[in-house]
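Notes follow once the structure below has been shown.
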Amino acid sequence: MVSEDGIVMFFLRPFLRLQRRLWDYAVTLLFFVLKGWRRKTPLPPVFNPTLMHSAVDLARYIREGKMSSVDVVRAYITRASDVNPVLNAITQESFKAALLQARRVDEMLNKGLKDGTLTVEMLERRRPFLGVPFTVKETIAVAGFPHTGGLVAREGLLSPSDASVVAKMRKAGAILLGTTNVSELGMWWESDNKVYGRTNNPYDTRRTPGGSSGGEAALMCACGTPLSIGTDSGGSLRIPAFFCGLFSHKPTNGIVSVQGCNVHHHSQYSEIQSAGPISRHARDLSPVLATLAGDRVSQLSLSKRGEINLWTEIMRSLLGRARHTVPSLAQAALDKLVGEITFLKQQKRVLQGKEDAPLRQNSINDESVNKALQMKIQRLLGEDGVLLYPSHPTLAPYHSESFFRPFNFAYTAIFNALGFPVTQVPLGLSPSGIPLGIQVVGGMYQDHITIAVAQDLETAFGGWVCPSKIL
């Protein structure tokens, strides 16, 4: 029997949807009037073809002697210097030190490859990004660099050591170019603070590049860096990537260490926070993820090695082609059946109000609610399924418009709470020239599947679209 509240909501829901839509239209119109009439500042054209290569290709060219690290680093220093006055993305540069490191890389390669102490294969395996520049958001600690999180009270404070992700990128041979702008304490989805100011979107400087990894996304989109590392507690990788027409990947929770990725040593968001790459090219995602995960990268293949498709194996057994014994298959079938029954009973108790009472409060932070939803989605996705999910309810908004849409980050934050891996994928531009995109969600530890789907979508839709003229 339908309750009285249910009947009321049935008739009320269309009016609530209409009210929300009218609110969205009103906010958009307001900010178009306030911001849209201003002229957007175009970015300088791209003159150097080096800037168009993926980070993986740049690393290979450097290893094989087809490019020098000095030339690559200098090309990105020039480009970053050209676009930053328009974007305000860089918070601290390290250009002189980067060029010095690049010269050392070239000298080491020239000597080592000639005398045989180094090989291309060895370098690819041990130092996959040797000689390639990279940047990180300012809330990620870099030794000797400001680590304010955009907070005035922390202005002038320098980090004593590198965050784990920075140390791993350096170990892989990458050369730090600098740090980039964030929202204050990384707590909002627009990169604006009282220490460094506001960062602009490369496609339309009247709009936000998102946050809190907005400086990284803006600089990456404008060809100012080939390797970007950010963090994600509620969409801080994926929202900027969506607004700036880029790829990004939020790993399965816990795969990448976030040590040193916050301005506080013990962040309350550490359990749901991830660190990962932002890129113009989908093929850069997997190598960067492997570098950041370090020893934990093996966890991403456990599900592939340790689990089987039960029903496929039973069919193979009937045909005399089984790879497992009958007792083990029978035990697996029994376990699966018990699991199904237990799950259904649990859901029945939840619906009857006998269990997981906080579910009625819709508290996303409640562990029991998270676990039930996680189990349900995991069962739907299985070992090789993906969920295509909206990245955001609107395209990149005008500056400050986010304050009138405070809960739009929920489209990304839900997957931080649940822990699933998510790859953000660009899908071209809207008629007004603003990026489109989609989130590709995978099952736990199935990061490789969401990235593979991103690569296929890049082929189908063209991937990143340069916001500048290419000369």
Side-chain angles (χ1 to χ4, degrees), residues 54-57 59-60 124-126 128-129 164-165 168-169 172 174 227-232 235 237-238 241-242 246-258 272-310 312-313 323 374-375 377-389 391 412 414-416 418-427 437-461 463-464:
S54 69
V56 170
D57 286 344
R60 178 165 55 86
E124 182 178 8
R125 186 173 62 255
R126 296 181 181 177
F129 293 109
S164 175
V165 292
K168 288 173 181 174
M169 291 301 295
L227 281 170
S228 285
I229 308 300
T231 57
D232 194 314
L237 278 169
R238 290 159 288 151
F242 171 57
L246 300 166
F247 295 90
S248 71
H249 183 72
K250 183 205 84 66
T252 298
N253 284 13
I255 289 298
V256 176
S257 170
V258 292
I272 62 173
Q273 186 179 45
S274 297
I278 301 176
S279 177
R280 296 188 294 274
H281 306 277
R283 60 183 172 274
D284 286 338
L285 297 177
S286 286
V288 176
L289 175 60
T291 296
L292 298 181
D295 294 338
R296 296 180 187 177
V297 74
S298 61
Q299 296 179 37
L300 297 179
S301 60
L302 285 179
S303 58
K304 292 185 290 181
R305 289 202 310 265
E307 295 182 8
I308 63 171
N309 187 316
L310 177 61
T312 298
E313 290 304 312
R323 293 172 294 186
Q374 184 189 66
M375 288 172 59
I377 296 176
Q378 181 64 57
R379 292 162 70 84
L380 289 172
L381 294 174
E383 296 180 3
D384 55 3
V386 294
L387 169 65
L388 299 181
Y389 197 80
S391 304
T412 49
I414 181 66
F415 299 111
N416 292 89
L418 297 175
F420 293 112
V422 188
T423 304
Q424 171 61 39
V425 182
L427 298 177
I438 195 81
Q439 291 185 89
V440 181
V441 185
M444 297 295 286
Y445 305 106
Q446 304 300 319
D447 298 57
H448 61 290
I449 292 179
T450 66
I451 292 175
V453 171
Q455 292 173 326
D456 286 343
L457 290 175
E458 180 180 32
T459 301
F461 290 90
W464 164 78

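Given the structure is predicted, the values throughout are model-derived calculations rather than measurements.
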G235 and N416 have their tightest heavy-atom pair at N-OD1, 3.6 Å
Between P287 and F129, the two heavy atoms sitting closest are CB-CZ, 3.7 Å
Worksheet entry | Whether D284 side chain and L227 backbone form a donor-acceptor pair below 3.5 Å | no
TODO: Answer yes or no: is there a donor N or O on one side and an acceptor on the other, between the side chain of E458 and the main chain of G463, under 3.5 Å?
DONE: no
Is there side-chain contact between S391 and R238, with heavy atoms separated by less than 4.5 Å? no
To the nearest 0.5 Å, atom CG of D295 lies from atom NZ of K168 at 7.5 Å
* In sequence, state the C-alpha distance, the side-chain angles, and the governing distance for T412 and Q439, and then conclude on side chain to side chain donor-acceptor pair (under 3.5 Å). => CA-CA 8 Å; T412 49; Q439 291 185 89; 5.6 Å; no
Between the CD1 atom in I377 and the CE atom in M444, the distance rounded to the nearest 0.5 Å is 11.0 Å
Does M169 form a side chain to side chain contact (heavy atoms under 4.5 Å, CB included) with T291? I'd like the steps, not just the answer. CA-CA 7 Å; M169 291 301 295; T291 296; 3.9 Å; yes
Scanning both residues in full, the closest heavy-atom pair of F415 with Y389 reads CE1-CD2, 3.6 Å
What one should report as the nearest heavy-atom pair of V256 and P251 is CG2-CG, 3.9 Å
- Item | Heavy-atom donor-acceptor pair, K250 side chain to F420 backbone, under 3.5 Å | yes
* Quick check: does any side chain N or O of N253 sit under 3.5 Å from a backbone N or O of S274, one acting as donor and the other as acceptor? -> no
When every non-hydrogen atom of V165 is compared with those of A275, the smallest separation belongs to CG1-CB, 3.9 Å
Residues at least two apart in sequence or cross-chain that pass side-chain contact (heavy atoms from CB on, under 4.5 Å) with S286, listed by chain then number, are I451
Applying side-chain contact (heavy atoms from CB on, under 4.5 Å) to L388 and not counting sequence neighbours gives I438, V440
**Message:** Show, in sequence, the C-alpha distance, side-chain angles and deciding distance for L381 and Q446, and conclude whether the side chain to side chain contact (heavy atoms under 4.5 Å, CB included) test is met.
**Reply:** CA-CA 10 Å; L381 294 174; Q446 304 300 319; over 6 Å; no
With sequence neighbours left out, the residues meeting ring-ring contact (aromatic ring centres under 6.0 Å, His included) with F461 are none
>> If you define the side chain from C-beta out and look only at heavy atoms, does anything of R280 sit under 4.5 Å from L246?
In response: yes
Test side-chain hydrogen bond (donor to acceptor under 3.5 Å, both in side chains), reference S54, set R60, R283, H281, output is R283
- Message: With a 4.5 Å cut-off on side-chain heavy atoms, are Y445 and P421 touching?
- Response: no
In this structure, CD1 of I229 is separated from CD1 of I278 (nearest 0.5 Å) by 8.5 Å
Rounded to the nearest 0.5 angstrom, the CD-OG distance for Q273 and S257 is 10.0 Å
Quiz item: Do V56 and V288 pass the side chain to side chain contact (heavy atoms under 4.5 Å, CB included) test, and can you show the C-alpha distance, the side-chain angles, and the key distance before you say yes or no?
Solution: CA-CA 9 Å; V56 170; V288 176; over 6 Å; no
*asked:* Please determine whether side chain to side chain donor-acceptor pair (under 3.5 Å) holds for the pair T252 and D447, giving the CA-CA distance in whole Å, both sets of side-chain angles, and the decisive distance to 0.1 Å.
replied: CA-CA 7 Å; T252 298; D447 298 57; 2.7 Å; yes
Output for pair (H448 NE2, T423 OG1), nearest 0.5 Å, gives 11.5 Å
Rounding to 0.5 Å, atoms CG (L300) and CD1 (I449) come to a distance of 11.0 Å
